[in-house]
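Count residues from 1 along the sequence.
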Amino acid sequence: QVQLVESGGGSVQTGGSLRLSCAASERSFGRNAMGWFRQAPGEEREFVAANSWAGVTTFYADSVKGRFTISRDNAKNTLYLQMNSLKPEDTAVYYCAARSNSAVTMSVGDYNYWGQGTQVTVSS
């Protein structure tokens, strides 16, 4: 059973930065597409960013383009999300997710493995 463990969430003011990390339990997962999603209270889970194992294919939600950067260190089995210029509307629980193959998509339903989530709160 693959396990994904997120860390790095917290509370910041508008304009601040945070870096989320997601550690995967299996080294073989470095070949799989991985991504970040978020869910605000009362809202559906939504796509944030995703990339391929080599980082060649990367997708971002329009709402975070230019502010968030997804990256991964396959030697450490770790996925990152650098979040800059944070806004109150970025407040949500952020989830790391992985597919069972290498195809990068933006659909929640395409991801087979999920972390427990980490809270990000941005105050105005």
Rounded distance (nearest 0.5 Å) linking atom CD1 of I70 with atom CD of Q82
12.5 Å

When you group the ILVMFWY residues by side-chain heavy-atom contacts below 4.5 Å and let the links chain together, are M106 and Y111 in the same group?
yes

For a side chain to side chain contact (heavy atoms under 4.5 Å, CB included) check, start with the C-alpha distance between F68 and L86, then their side-chain angles and the critical distance, and finish with the verdict.
CA-CA 9 Å; F68 291 10; L86 283 161; 3.8 Å; yes

Side-chain donor-acceptor pairs of residues 116-124 under 3.5 Å, sequence neighbours excluded:
from : atom 1 : to   : atom 2 : distance (Å)
Q116 : NE2    : E6   : O      : 3.4
Q116 : NE2    : E6   : OE1    : 3.4
T118 : OG1    : G9   : N      : 3.3
Q119 : NE2    : A92  : O      : 3.4
Q119 : NE2    : T121 : OG1    : 3.3
S123 : OG     : V12  : O      : 3.4

Quick one: which residue pairs count as a salt bridge (Lys or Arg N to Asp or Glu O under 4.0 Å) with a foot in residues 44-65, not counting sequence neighbours?
R38-E46, D62-K65

For residues 110-124, pull every pair meeting salt bridge (Lys or Arg N to Asp or Glu O under 4.0 Å), keeping only residues two or more places apart or in separate chains.
none

Would you compute the distance between atom CH2 of W114 and atom CG of L4 and round it to the nearest 0.5 angstrom?
10.0 Å

Return the set of residues passing side-chain contact (heavy atoms from CB on, under 4.5 Å) with S85 (not counting sequence neighbours), or none when no residue passes.
R67

State plainly whether one hydrophobic cluster holds both F37 and Y113, where clusters connect Ile, Leu, Val, Met, Phe, Trp and Tyr through side-chain heavy atoms under 4.5 angstrom apart.
no

Pairs where residues 70-108 contributes a residue and the test ring pair (Phe, Tyr, Trp, His ring centres under 6.0 Å) is met, not counting sequence neighbours
none

So does A23 get a backbone contact from the side chain of N77, meaning a donor-acceptor N/O pair under 3.5 Å?
no

Mind checking what makes side-chain contact (heavy atoms from CB on, under 4.5 Å) contact with T57, not counting sequence neighbours?
S52, F59, V104

What's the spacing between R19 CZ and L81 CG if we round to 0.5 Å?
10.5 Å

Euclidean distance, C96 SG relative to L79 CG, rounded to 0.5 Å:
5.0 Å

If I take atom CG from residue D90 and atom CE from residue M83, how far apart are they, to the nearest 0.5 angstrom?
7.5 Å

Report the distance from atom CG of N101 to atom CZ of R31, rounding to the nearest 0.5 Å.
13.5 Å

According to a hydrophobic-cluster definition based on side-chain heavy atoms being under 4.5 Å apart (Ile, Leu, Val, Met, Phe, Trp, Tyr only), do F47 and M34 belong together?
no

Here the pair of heavy atoms bringing Y60 nearest to T69 is OH-CA, 3.3 Å

Are the side chain of T78 and the backbone of K76 linked by a donor-acceptor contact shorter than 3.5 Å?
yes

